[in-house]
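Written out below as structure tokens is the structure these notes cover.
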Amino acid sequence: MSILRYAIDRILQTIPVLIGVSLITFLFINALPGDVISALYADQALGEESIRALEERHGLNESFFERYLSFMAGILQGDLGYSIHYETSVTSLVLTRAGPTLMLTLSAFAFAIVTAIPLGAIAASRRNQSPDHLSRIVALFGVSTPSFWVGIMLIVIFAVTLGWLPSGGLVYPWRAPGHYGFDSQLELYVQTVQSLLLPMIALGTMQMAMLMRIERSEMVETLQRDYIQLARAYGVSERTILRKHAFREAQLPIITIVGLNISTALGGSVVIEQVFDINGIGKLLLSAIELRDFQVVTGITLVLAAIFVIGVVITDIAYAYIDPRITLDGGE
Amino acid sequence: MSSNPLLSVEGLTVQFFTDRGTVTAVNEISFEIQEEEIVGLVGESGAGKSVASMSLLRLINGPGRIVEGEIRYKDRTLFALEEGPDGEPRKREDMLSDEEMRTEIRGNEIAVIFQDPMESLNPVYTVGNQLQEFIKLNRDISKKEARSEAIRMLREVGISDAAERYEKYPHEFSGGMRQRVLIAMALACKPNLIIADEPTTALDVTIEGQILDLVQDLQEKYGTSFLWVTHDMGVVADICEQVNVMYLGNIVEQAPVDDIFYNTKHLYTDALLDSMPRPDRTVERLKAIKGVMPSAIDPPEGCPFHTRCPDARQVCEQTHPDLRDVSDDANIIHRSACLKHDIFNVNYEGSLPMTDETKRQANTSAGTTSVNETGADR
Ligand code: SF4
């Protein structure tokens, strides 16, 4: 089977999953108390009459199934519904907010991977020596500290006390430099990196800690394999053993973890966007829940679910690509 | 025996320093391997065979260390200690450094084949990639030359479509085929000695036979010496010329293969032979060796085999027999570590036999001498 066929197959398999997610979200949100009309007009005393008129206009008086079906019909055309609060389509809302979130999440992952893999590998090769102990402490700190706290501490130290980096807001590299009053493209990029640094670390720390421990234990396990001992017996240097012979097989579980953790990181970005005042999907989601703007909540949930599922599929494909033992026909 | 062996091991002792205490995995063993000779190292699992063989390459993992002995290969010293000025043992000057061991001995002089062909190849690289890497490293030739050499060797070990199979991953080979690949790998590095650590144990009997035939053919052709580590006396009979029998870290008998089989001089070897099927003997049923091998953490005093030996006497509990030549033929050196032989001169005949009762005590509290309840008829 070609890798393309395999990819298409796997993507088609995700459709039932996404339908399930949409149904569950729809159900839960309908079970929440409060509604968008009373949230929106909380300060105005609306009469029965006008409430009913508003409900009718937004289709809120229809039955659950009718609303779900028309929502799904919209989805098929790429329409995630209409936000009553923002008075615009959810699709365009999500699209404008997706950039910052993606930038934040991807950079957090890049940070986690780039730091965790070498650190984990070094810890494994110097087992029970000081680099290993150090990595254990960092990992313990990383997984046990909530990301918002890391974020706040980073702001306090690097923005408030030292004044090196901005405390919040993101500079978007896709905007024109003039928008921020910068003179050159280069300055824009420098500012982007500076504004991204703290939220990226705050969001990536936990991922980094987790990946580092997994990398370490995978490396330790791989280093004990017979083929490693055989390489030693044939005079291969420890450096080559670490870099070539042990490294590749040890990365296989890392790929899975990264794929599955995309959802955790997206969840984490909801909090980090709040802390660093970043106008991403996460912030939009929180305010939509507060405002009972259910169309927006459902739409975002579905988009996040889709991203997660796509992440899993990409993981599978990458795995099949790297591990020769996995055949694309499903079985081994 | 010629005076200039390819490899000689003198008083090699390897200990593991674990949390539960010091384990002597290999206890002062000595043996030699001549040019173009296949030497067997036999014993049950846990006898210390693998540790002994890997220490020849100075590849002992974790808490293990060679603490004593001398290993010589040709005119080079792979391991030797001397007493330092502070009275502590230190490396002797002529001992090779780690770097020299890696670049000058491992692979190009002494190669290995492991037991499990499934585990010995890296699953994420092609067979060719690994062959090429090891050959290139040990023969100092270009990548291209290493490739054609690898393909030639694959053909040599009986792999058809060698050029095509070269590009395949290990999981696309059967167990027997993988072991052929590993033999090709070892031979292609042109070593003078190959350590084969139970290389056929994981294979079924027909494949095992094929591999043994192949090794014999190639050994004759290339003149490589082998140290063949196994628990299988049948394999020993098939291919070895000289045999060392190990029990609990000690070599207990050492002789040419025919003498081991037809003029056995140690009761452990006897027991091993009784536990295997032999074409030259018909027996009602095979006898398993009685009891279990004691733990190496707390080995019995005296003869290490006395807890299971059918002929053990009280003296066996008190005296640790070293390996001595007990041959009655001046042309043959046949060493045994059994007190029954006159050369030990410990009055074995006059010592009272151990009963099952005293043996059991010795089993549970190894090392404590029990003198009561003896004299029961056996
Ligand atoms: S020394 Fe004693 S116990 Fe050891 S093998 Fe000989 S007879 Fe048996």
Side-chain angles (χ1 to χ4, degrees), chain A residues 1 3 117 121 123-129 132 215 217-256 315 317-332, chain B residues 50 53-54 56-63 98-127 129-131 133-140 167-172 178 181-182 185-186 188-189 191 194-195 197 202:
Chain A
M1 204 193 283
I3 202 125
I117 288 181
S125 66
R126 309 233 192 297
R127 196 139 71 110
N128 293 329
Q129 297 168 28
D132 193 18
E215 173 74 23
S217 66
E218 286 303 322
M219 275 301 247
V220 165
E221 207 187 306
T222 313
L223 283 171
Q224 283 164 355
R225 295 211 190 281
D226 279 0
Y227 63 77
I228 298 293
Q229 187 73 357
L230 192 79
R232 281 199 189 108
Y234 276 89
V236 179
S237 67
E238 283 302 312
R239 210 180 141 91
T240 313
I241 284 182
L242 210 58
R243 289 197 178 173
K244 178 185 171 184
H245 295 268
F247 189 71
R248 195 156 166 185
E249 203 194 349
Q251 298 326 302
L252 295 174
I254 296 283
I255 297 171
T256 317
T315 309
I317 295 169
Y319 209 105
Y321 186 71
I322 293 183
D323 190 342
R325 285 166 298 183
I326 295 185
T327 63
L328 299 178
D329 300 319
E332 275 227 15
Chain B
S50 295
S53 64
M54 288 320 281
L56 304 184
L57 289 170
R58 300 221 319 249
L59 282 175
I60 306 288
N61 286 333
D98 286 346
E99 193 56 20
E100 285 169 322
M101 278 301 290
R102 187 172 78 69
T103 54
E104 292 167 29
I105 301 294
R106 292 180 197 148
N108 46 1
E109 289 292 344
I110 305 178
V112 297
I113 304 169
F114 283 147
Q115 169 168 8
D116 194 343
M118 303 289 175
E119 293 284 321
S120 298
L121 289 164
N122 195 329
V124 295
Y125 290 106
T126 61
V127 160
N129 180 318
Q130 300 175 59
L131 279 168
E133 181 190 357
F134 292 176
I135 296 171
K136 180 176 168 294
L137 187 68
N138 286 305
R139 297 263 306 268
D140 243 340
E167 312 286 347
K168 300 272 188 232
Y169 287 95
H171 71 273
E172 295 169 283
R178 280 190 231 195
V181 169
L182 290 161
M185 185 182 278
C189 294
I194 293 178
I195 298 170
D197 189 352

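These values consider heavy atoms only, across backbone and side chains, with no hydrogens, waters or symmetry-generated copies. Residue numbering restarts at 1 for every chain, and letters A, B, ... go by the order of the sequence lines.
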Contact winner vs chain A - B:L137, B:I110, B:I105, heavy-atom pairs under 4.5 Å: B:L137
Polar pairs (donor with acceptor) under 3.5 Å from chain A to chain B:
residue: A:Y227; atom: N; partner: B:E119; partner atom: O; Å: 3.1
residue: A:A233; atom: O; partner: B:G107; partner atom: N; Å: 3.2
residue: A:Y234; atom: O; partner: B:N138; partner atom: ND2; Å: 3.1
residue: A:Y234; atom: OH; partner: B:V112; partner atom: O; Å: 3.1
residue: A:Y234; atom: OH; partner: B:A186; partner atom: N; Å: 3.3
residue: A:G235; atom: O; partner: B:R102; partner atom: NH1; Å: 2.8
residue: A:K244; atom: O; partner: B:Y125; partner atom: OH; Å: 3.0
residue: A:K244; atom: NZ; partner: B:N129; partner atom: OD1; Å: 2.6
residue: A:K244; atom: NZ; partner: B:E133; partner atom: OE1; Å: 2.8
residue: A:H245; atom: O; partner: B:N122; partner atom: ND2; Å: 2.9
residue: A:H245; atom: NE2; partner: B:E133; partner atom: OE1; Å: 2.9
residue: A:H245; atom: NE2; partner: B:E133; partner atom: OE2; Å: 2.9
residue: A:P324; atom: O; partner: B:H171; partner atom: NE2; Å: 3.3

Closest heavy-atom pair and its distance - A:A233, B:L57: CB-CD1, 4.0 Å
What heavy-atom pair brings A:L230 and B:F114 nearest, and what distance separates the two atoms? N-CE1, 3.5 Å
Under 4.5 Å from any heavy atom of chain A - which part of B:M185: both
